[in-house]
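Written out below as structure tokens is the structure these notes cover.
Throughout, a chain's letter reflects where its sequence line sits, starting with A, and its residues are numbered from 1.
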Protein chains: 2
Amino acid sequence: MLEIIYPLVSVDVALFCVDAERLQVLVVKRAHEPAARQWALPGGILKPHLDKSLEAAARRVLAHKVSVELPLVDEVCTFSGPDRDPRGWSVSVLFYALLPRDKINALVRNKVEALEWSNASAPGHRLAFDHDHQLAAAVKKLRTKVEAGKLPLHLLSEKFTLTQLQRTVETILGRSLDKSSFRRQLKSSSDLVELDEYERGTQRPAQLFRASEGFSF
Amino acid sequence: MLEIIYPLVSVDVALFCVDAERLQVLVVKRAHEPAARQWALPGGILKPHLDKSLEAAARRVLAHKVSVELPLVDEVCTFSGPDRDPRGWSVSVLFYALLPRDKINALVRNKVEALEWSNASAPGHRLAFDHDHQLAAAVKKLRTKVEAGKLPLHLLSEKFTLTQLQRTVETILGRSLDKSSFRRQLKSSSDLVELDEYERGTQRPAQLFRASEGFSF
DNA sequence: AGAATAGTGTCTGTCAGACAGTATCGC
DNA sequence: GCGATACTGTCTGACAGACACTATTCT
């Protein structure tokens, strides 16, 4: 009988937020080994006695970084192999999560770890482990879904204008869209509910919308 | 210091093949506990000393069932939790694989396990563990890719006719397509290479095609 | 009034579905 | 010739991109 070697199982999370026309991702300056003092995506070891699923583990990891419940945490893919973590053979399941723009300051600061919003398309730091690849995979997944017509309503406040929605989509896709075409598509969408409220801005007020009940990203 | 409990890490594979207008999936009658004598998707425990990645583990598992190298093995998603396997907290990474139709008889028979091709949309057996959910997820992933315009060339022989390709796509999507529109799309695709060969059938010979070098599903 | 932002109307080229028509084989 | 299958041509309605136009607010 061979000795059974257990792989290390962990979760990593790319938490996205769109702010100021930038697709931002949360990065952490690691306090402990391995890769101490390097920047990385938030992550942690699976704790079977605490977590009832991998997604629950991802939410637990983020709960230490952000003080709000996240509307969406979904799987991207796995990364595995004997060399990607110095502790040995490891499996990491990558998730992505979306944070509403009005919650961007709900970060939980502590004295051990530094947290930072970084440009997801061009991170300011080189990330530890294979997290550069992981981030690229998460961004690609997000883009693919939006490109396929899904509306990233979880990135917006509860009530939002169509222009805010268009700016968010444009930021994710990295290109500008035609206002008329964009709004035409939205009219035949059952994901939006129009409200009888208007946002008072600097110019003409814009009608507010919210996500419909059955909406899912 | 808490005792660290390791989760069980395994891979399961939905191996697809399109034959006789049916989307077939390979199922195995399990020889050993747990779930002995029940039908299930082929799967196995990750062996870090043998596998250099989860995909490699999936390929190793299939190598015992099919005597040919598979052109495509790709990840679907993970299934995890304390209750899905009687042995305890487990993570299973689901893969799907495509087998060319002319290799459908390349199954490795043995006296321990029974192998069977089952209708993927309506399996003849109830599957063990959460494999009914897994199969549904794998079929959905396959459908989504084909619906998005990807060509499932790996399900066809090396050389194939456009009618064979159309029948395969129709089988996966579960609806019939217009011949003219289908071929129009293919003309602008760089995934196909037309050959100077023709298949001699019962009626007018059909031009043969193959997948281009850079093709990926 | 003028600037700025919200929202609508119209034109047009593209393209997918529908379907008819032609081509080439076996019998 | 006839049936069967491969392959092509044409029409048309739907729709996305482009862009001009109207509407409503603030200064």
Select base, sugar-phosphate, or nothing to describe what B:Arg200 touches, counting heavy atoms under 4.0 Å on all strands. sugar-phosphate
At a 4.0 Å cut-off to heavy atoms of chain B, the contacted part of DNA chain D spans D:dG3 to D:dT10
By nearest-nucleotide position on DNA chain C, the 5'-leaning member of A:Arg167 and B:Phe182 is A:Arg167
In whole angstrom, give the distance that lies between atom CZ of A:Phe160 and atom C1' of C:dA6. 16 Å
For the base of C:dG9, is there a side-chain donor-acceptor partner from A:Ser180 under 3.5 Å away? yes
In whole Å, I'd like the distance from the CZ atom of A:Arg184 to the P atom of C:dT12. 15 Å
Taking atom C1' of C:dG9 as reference, at what distance in whole Å does atom NZ of A:Lys179 sit? 13 Å
Whole Å only: how far is the CZ atom of A:Arg204 from the C1' atom of C:dA3? 15 Å
Any side-chain donor near an acceptor of the partner, A:Glu75 and B:Thr78, under 3.5 Å: yes
What I want to check is whether the side chains of A:Thr161 and A:Gln207 have a donor and an acceptor closer together than 3.5 Å. no
At 10 degrees resolution, what angle do the end axes of the helix from C:dA1-D:dT27 to C:dC27-D:dG1 form when each is taken over five base pairs? 10°
Does any donor atom in the side chain of B:His125 or B:Glu116 lie under 3.5 Å from an acceptor atom in the other side chain? yes
